[in-house]
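Naming: A, B, ... by sequence-line order, numbering from 1 per chain.
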Number of protein chains: 2
Amino acid sequence: MSTTAPTRSRKAQIDRTATALFRARGFAATSMRELATELGLEAGSLYSHIKSKEEILHRVCFGLADEFFAGFAAATLDSAAPIATQLRLAIEAHVRVLTRDSAASAVFLHEWRHLSEPARTEFLALRDRYEAAFRGLIQQGIAAGELHAPDAAFAALTLLASLNWLPAWYRPDGKLSPDEIAHRLAEQLLNGMRNYE
Amino acid sequence: MSTTAPTRSRKAQIDRTATALFRARGFAATSMRELATELGLEAGSLYSHIKSKEEILHRVCFGLADEFFAGFAAATLDSAAPIATQLRLAIEAHVRVLTRDSAASAVFLHEWRHLSEPARTEFLALRDRYEAAFRGLIQQGIAAGELHAPDAAFAALTLLASLNWLPAWYRPDGKLSPDEIAHRLAEQLLNGMRNYE
DNA sequence: TTCGTTTGCTAACGAGCGTTAGCAAGTATA
DNA sequence: TATACTTGCTAACGCTCGTTAGCAAACGAA
């Protein structure tokens, strides 16, 4: 294990730096020479650790997909709990993933289109499954009378859209902690902004 | 006027085709040769009509910014109207722009980062101004007791995030018309999803 | 007819791209 | 000390990129 540890860390370091660049400039506009320079290497040296540029993107996108699914599964473990509670937990889990690594999240959200087939199709299938999970939760909530919405699919899209905008403005040193952000998002989405006096 | 009409239309045709490609592949991953082929031209011929690839992006991004500002101004013309009404009108205006040309909207939302300075900074300033306009409206609503939210800035971000996800899934031939979409978005954002029986 | 504009072509430029081959130094294990 | 692996270099490959120069056909306006 100790023999492979240095490899892993160098590889992980490449992934991290690449993720930051992919986020800032986009996948296509980031060159391997830029990435190498950022790491203090020559471009060719990168290929002692990775197979291709796209391999990095693949790892980031699918790695984050795993995290999102794991978070959702944990949030809905207690299927007897009120749907509103499960939904709140799922929102919090989602926000936790987004805030733990907002650069990787931004890449996950925007750069997946540069995956070539068949990875691209596989990725979209995963994303659809995740959206469907939220949609199903909302549908259950409507059926149980806990939630109201004219269209669960529409509500799910709006909900995820609000959450997924987070990496665009979240700063780890901002005034709101991830938990506070998750709480406010859940409140606002569940209660709306209208004041009934 | 008839002498400049063909020019305009050819240029506009290039802009439209480029916008569709920029949306589908991203600005950096779209080549001028690809664009030319799509138009039935050779790459060099494009430069009889445009000055550079970035010029197209610039026109799309700043053109849409104008449309968003015009829509907001029209929605808030009657400043004596209830804030909830103005906000609803502003949401509808925003959705109308997004649905009228969802390809250009997607480029506006995601590809502005490929503008070079100083255009990039100018663009971000415009975007900030637009966000501030929504934030101001929400603040007024909170002060007037029509809306409730712990943080107007937070609420504005969430609201725009929900709206701006629209180009990602909107289809002109879908079952919901732009007006219905705008109405539902406004309802859901103002009322939330929780059911109070 | 003449003139200017629009439109488009071919050919090429310098530059940068992702990636590979071959080599070598360092390091940990046996 | 011998072995294997990690890490990184230099040099170069074939390719694509955005863009330009120069030329030519078509066409409306005078």
Would you be so kind as to tabulate the donor-acceptor pairs closer than 3.5 Å made by side chains of residues 117-127 of chain A, with sequence neighbours excluded?
unit_1   : atom_1 : unit_2   : atom_2 : d
A/Glu117 : OE1    : A/Thr121 : N      : 3.3
A/Glu117 : OE1    : A/Thr121 : OG1    : 2.6
A/Glu117 : OE2    : A/Thr121 : OG1    : 3.2
A/Arg120 : NH1    : A/Arg113 : O      : 3.0

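Considering only heavy atoms from C-beta on, A/Val97 comes within 4.5 Å of A/Arg100 through its side chain. Residues A/His94 and A/Leu166 form no side-chain contact, since every pair of their non-hydrogen atoms from C-beta on lies 4.5 Å or further apart.
Nucleotides of DNA chain D nearest to B/Glu34 and B/Lys51 differ in position, and the one nearer the 5' end is that of B/Glu34.
Of the listed nucleotides (D/dT7, D/dC9, D/dT19), D/dC9 has the atom at the smallest distance from the side chain of A/Leu41. Looking at the side chain of B/Lys53, the nearest of the listed nucleotides C/dT19, D/dG18, C/dC9 is D/dG18. Across D/dC9, C/dG8, D/dC17, the shortest atom-to-atom separation from the side chain of B/Arg33 is found for D/dC17. When the nucleotides D/dG8, D/dC17, C/dG8 are ranked by their closest atom to the side chain of B/Arg10, C/dG8 comes out on top. The side chain of B/Glu42 sits closest to C/dT10 out of C/dT10, D/dG8, D/dG18.
Taking atom CD of A/Glu54 as the reference point, atom P of C/dG18 lies 13 Å away to the nearest angstrom.
At the heavy-atom level, A/Ser48 lies under 4.0 Å from base atoms of the strands shown.
In this structure, B/Glu55 pairs ionically with B/Arg59, as a charged nitrogen and a carboxylate oxygen lie closer than 4.0 Å.
Listed in residue order, the members of residues 20-27 of chain B having a heavy atom less than 4.0 Å from DNA chain C come to none.
Between A/Tyr47 and C/dT19 there is a side-chain N or O to OP1 or OP2 distance below 4.0 Å.
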